[in-house]
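Step one of this worksheet: look at the structure below.
Side chains are part of it too, since the values below use all heavy atoms of this structure and drop only hydrogens, waters and symmetry mates. All values derive from a computational prediction rather than experimental measurement.
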Amino acid sequence: MRHLSAEMLAAGSQQPDPISSAGNAQLGIAAVVGIAVIVVLITRFKLHAFLALTVGSLALGAVAAAPLDKAIASFTTGLGDTVSGVGVLIALGAILGKLLADSGGADQIVDTILAKAGRRTIPWAMALIAGIIGLPMFFEVGLVLLIPVVLLVAKRGNFSVMRVGIPALAGLSVMHGLVPPHPGPLVAIDAIHANLGVTLALGLLVGIPTLIVAGPLFGKVAARWVDTTPPEGVVPERATADLERRPGFGITLVTVLLPVALMLAKALTDIVVDDAENTVQRVMDVVGDPMIALLVAVLVAMFTLGRSAGFSKDRLSSTVGASLGPIAGILLIVGAGGGFKQTLVDVGIGEMILDLSRDWSIPALLLGWLIAVGIRLATGSATVATVSAAGLVAPLAADMSSAQAALVVLAVGAGSLFFSHVNDAGFWLVKEYFGMSVGQTIKSWSVMETIISVVALVLLLLLSLVL
């Protein structure tokens, strides 16, 4: 992830000369057409988001009257810059998540917390479990991992599935939308040139109360609204049921939280020390760098998780290799989103939005949220919504403090979660696993996602008044 040195801040605040001489009206039409092409290709023609973003970027350049060769150069430059900025972090996060799942470390966290939770605190325990596991794991992976636990707890404790399921879903979703190293927040941080440590700290600060409201508290309401019985045979066996031993709870928790602690320590050092020549500052600049923090966590996890589970060197190697294949599509989507963002900036749409926001007096934070909401509702993809909205509002954050820029990143992430419905793969995944109708899924899952989005926005607006 890019660091916010003074030189890079200055560079980030300077917009490139537009490759198009079109007026604001034509640029506005170009932005609408580009986004509309992406939406139609994804929703109507079911085209993969990577291809849709690529075609949409070219359509954007064509309508903005930009030379085709320069539009292509903008797209490829943006794609390359984005992948180089976040690609390694996404890969390292995927490896850490795979080690956590396959070693039994995730199951150990689940079993230990549930063993200590009383009946009244079970929904809160499910939210805590999902929040911890959701830190290094992608949403879909965490969901598949937790579904057997949710249904088992519901059956043994005679709980409504919604009562324990909603807190788990909320925990995963909050982490996915608001907390790096998930792909959406990472690419927004890269586009807006925000500080990752500050964004991580503020993401946790906003995410915890948001999770409480959308998880355990809304779970009570959802349990009254929706009464569902999951279909027989839909739940997979726990992946680590055949392991002879698992890593301990304490060492697993330390491993999962290690990269978070290192990045937060760097952010705290930047605030307290703020001296580039100080030895402590220089050390923390290295160990708290997102790539180094995640790399250290992965190397530590190979011993604390993999070796503790009895993995041989070959098993460790195959586990790492297996974690990389599934993220190829995510990397391509994120990269193409970066290409689309760069095309938006280079044709002059970034400057146009900057001018309009001044005329309309719309805060960048609210504008980013609204744009992400619109794209999320249209495409169903939180990642597409995040990368597109971040590119559009990036010029507004050029002269902001690190805290304000981080709030804009989080507002975009919050907007990308708004009202998941029938064009979102996550909607159908939840529906099928919990055995719900479309209406029941909307009343539970879709409403929960909307609560996360709105509560997070309110908290971010309140924070913007004091930071």
Side-chain angles (χ1 to χ4, degrees), residues 1-5 7-9 12 80-100 132 134-138 175-207 254-274 276 280-302 320 323-324 327 330-331 334-335 337-338 383 386-387 390 394 397 402-403 405-410 412-413:
M1 191 58 52
R2 298 171 181 166
H3 300 289
L4 293 181
S5 63
E7 293 80 10
M8 293 196 73
L9 271 173
D81 287 347
T82 302
V83 171
S84 68
V86 305
V88 174
L89 304 184
I90 293 174
L92 290 171
I95 295 171
L96 182 58
K98 184 71 171 173
L99 287 168
L100 178 65
I132 294 173
L135 275 172
M137 288 189 177
F138 298 132
M175 294 297 112
H176 175 72
L178 299 179
V179 181
H182 289 278
L186 279 178
V187 77
I189 289 168
D190 188 67
I192 294 173
H193 301 281
N195 182 288
L196 190 145
V198 173
T199 307
L200 174 59
L202 292 176
L204 292 173
L205 181 63
V206 170
V254 168
T255 304
V256 171
L257 297 179
L258 179 60
V260 176
L262 291 175
M263 287 186 279
L264 287 178
K266 179 190 180 302
L268 183 62
T269 303
D270 289 341
I271 295 171
V272 175
V273 179
D274 194 24
V280 174
Q281 176 90 59
R282 294 173 68 179
V283 170
M284 291 311 303
D285 281 345
V286 174
V287 299
D289 179 274
M291 188 186 78
I292 299 300
L294 280 167
L295 178 61
V296 168
V298 166
L299 295 176
V300 169
M302 289 183 177
V320 171
S323 70
L324 298 177
I327 65 169
I330 294 172
L331 280 173
V334 167
T383 302
T386 300
V387 296
S402 58
L407 292 179
V408 174
V409 168
L410 296 173
V412 168

Nearest non-hydrogen partners of [X] and [Y], listed with the distance:
X	Y	answer
Ile327	Ala94	CG2-CB, 3.6 Å
Leu178	Gly207	CD1-CA, 4.1 Å
Gly203	Leu410	N-CD1, 3.6 Å
Asn195	Ser402	CB-CB, 4.3 Å
Leu99	Ala301	CD1-CB, 3.9 Å
Ile192	Ala405	CG2-O, 4.1 Å

Rounded distance (nearest 0.5 Å) linking atom [atom1] of [X] with atom [atom2] of [Y]:
X	Y	atom1	atom2	value
Met175	Ile132	CE	CD1	9.5 Å
Thr383	His176	OG1	NE2	5.0 Å
Ile95	Met302	CD1	CE	6.5 Å
Asp270	Asp285	CG	CG	6.0 Å

**Complete:** The side-chain hydrogen bond (donor to acceptor under 3.5 Å, both in side chains) partners of Thr386 (sequence neighbours excluded) come to Ser416
Review item, side-chain donor-acceptor pairs of residues 255-265, under 3.5 Å, at least two apart:
{"from": "Thr255", "atom 1": "OG1", "to": "Ile251", "atom 2": "O", "distance (Å)": "2.7"}
{"from": "Thr255", "atom 1": "OG1", "to": "Thr304", "atom 2": "OG1", "distance (Å)": "2.9"}

**Residue of the set Leu331, Leu186, Val187 for which side chain to side chain contact (heavy atoms under 4.5 Å, CB included) holds with Thr82** = Val187
Is there a side-chain contact between [X] and [Y], using heavy atoms and a 4.5 Å cut-off?
X	Y	value
Val320	Lys98	no
Leu89	Leu294	yes
Val286	Lys266	no
Leu407	Leu202	yes
Thr199	Pro185	no

